[in-house]
Each structure stands twice: as structure tokens, then as C-alpha cells.
Amino acid sequence: MKATVDDDRCRGHGMCLTFCPEVFDIGDDGYAVVQLAEIPPEFEDATRSAALNCPERAITLE
């Protein structure tokens with residue numbers, strides 16, 4: 001699984017970081033960034049939760 005954050009949609013709420021800090025972080029600009037190129041299986045459920053709970057729907061999963 002891969003995750004991306006749409007920079008145009010993200011508003012820096014940080015919900016993704018709340019759900020999965022192993023995958024997401026907040027960059028210097030205050031917006032979410034993905035820390036891992038490939039999501040390990042043990043973080044897939046938390047990554048899905050982060051995407052589903054993003055208020056701006058800025059996270060895409062592949």
C-alpha cells in the first residue's frame with residue numbers, strides 16, 4: 001500500500017498523525033506528509049483510518 005497527501009486539499013488538521021504517527025507527520029509548512037514510501041502491513045489499518053477520518057479527504061491510498 002502507498003499513501004499520498006494532496007497538498008492542495010490538506011489544511012493541517014493533523015488527524016492523520018493522530019491515527020497513524022508511524023506513517024504521517026506534519027512538515028515544516030504545517031501540512032501532512034507521508035514518511036514511508038511503502039506502508040508496512042502492520043500499519044495498513046491505521047493508515048486507512050487516517051484516510052477515512054481526514055476532514056479534507058486529502059489522503060489517497062493505492
- Task: Side-chain contact test, heavy atoms from C-beta onward, threshold under 4.5 Å: evaluate it for Cys54 versus Met15 and give yes or no.
- Result: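 Side chain of Cys54 against side chain of Met15, heavy atoms only: no contact under 4.5 Å found.
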- Message: How long is the straight-line distance from CD1 of Ile26 back to NE2 of His13, given to the nearest 0.5 Å?
- Response: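 One finds 10.5 Å between NE2 of His13 and CD1 of Ile26.
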- Query: Taking the side chain from Glu56 and the backbone from Gly12, do they hold a donor-acceptor pair closer than 3.5 Å?
  - Reply: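 Such a contact is absent between Glu56 side chain and Gly12 backbone.
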- Message: Using 0.5 Å steps for rounding, measure from the CE atom of Met1 to the CG atom of Asp45.
- Response: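 If we round to the nearest 0.5 Å, Met1:CE and Asp45:CG are 8.0 Å apart.
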- Set of residues satisfying side chain to side chain donor-acceptor pair (under 3.5 Å) with respect to Glu22, sequence neighbours excluded: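 Expected list: none.
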- Task: Find out if a path of hydrophobic residues (ILVMFWY) with successive side-chain heavy-atom gaps under 4.5 Å connects Val5 to Leu61.
- Result: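 Shared cluster, yes.
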- Shortest non-hydrogen contact between Val23 and Phe43, atoms and distance: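 Heavy-atom minimum between the residues: CG2-CB, 4.0 Å.
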- Measure across Phe19 and Ala46 and return the closest heavy-atom pair with its distance rounded to 0.1 Å.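 Looking at all heavy atoms of both residues, the closest pair is O-CB, 3.6 Å.
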- If you measure from SG on Cys20 to CD on Glu44, what distance do you get to the nearest 0.5 Å?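 Rounded to the nearest 0.5 Å, the SG-CD separation comes out at 10.5 Å.
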- Could you give the distance from CZ (Arg48) to CD1 (Ile39), rounded to the nearest 0.5 Å?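 Going from the CZ atom of Arg48 to the CD1 atom of Ile39 covers 10.5 Å.
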- Item | Gap separating the CD1 atom of Ile59 from the OG1 atom of Thr47, nearest 0.5 angstrom |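 Output value for this atom pair is 8.5 Å.
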- Do side-chain atoms of Glu62 reach the backbone of Lys2 as a donor and acceptor pair under 3.5 angstrom?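 Answer holds: no.
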- For the atom pair OH (Tyr31) and CG (Asp6), what is the distance rounded to the nearest 0.5 Å?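 If we round to the nearest 0.5 Å, Tyr31:OH and Asp6:CG are 12.0 Å apart.
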- How close do Arg9 and Ala58 get, heavy atom to heavy atom, and via which atoms?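 Shortest heavy-atom separation between Arg9 and Ala58 comes out as CB-CB, 3.8 Å.
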- Message: What I'd like to find out is whether the side chain of Phe24 reaches to under 4.5 Å of the side chain of Val34, using heavy atoms alone.
- Response: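 Contact flag for Phe24/Val34 side chains = yes.
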- Any residue meeting side chain to side chain donor-acceptor pair (under 3.5 Å) with Asp25, in chain and number order, not counting sequence neighbours: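 Partners of Asp25 by the side chain to side chain donor-acceptor pair (under 3.5 Å) criterion come out as none, since no residue qualifies.
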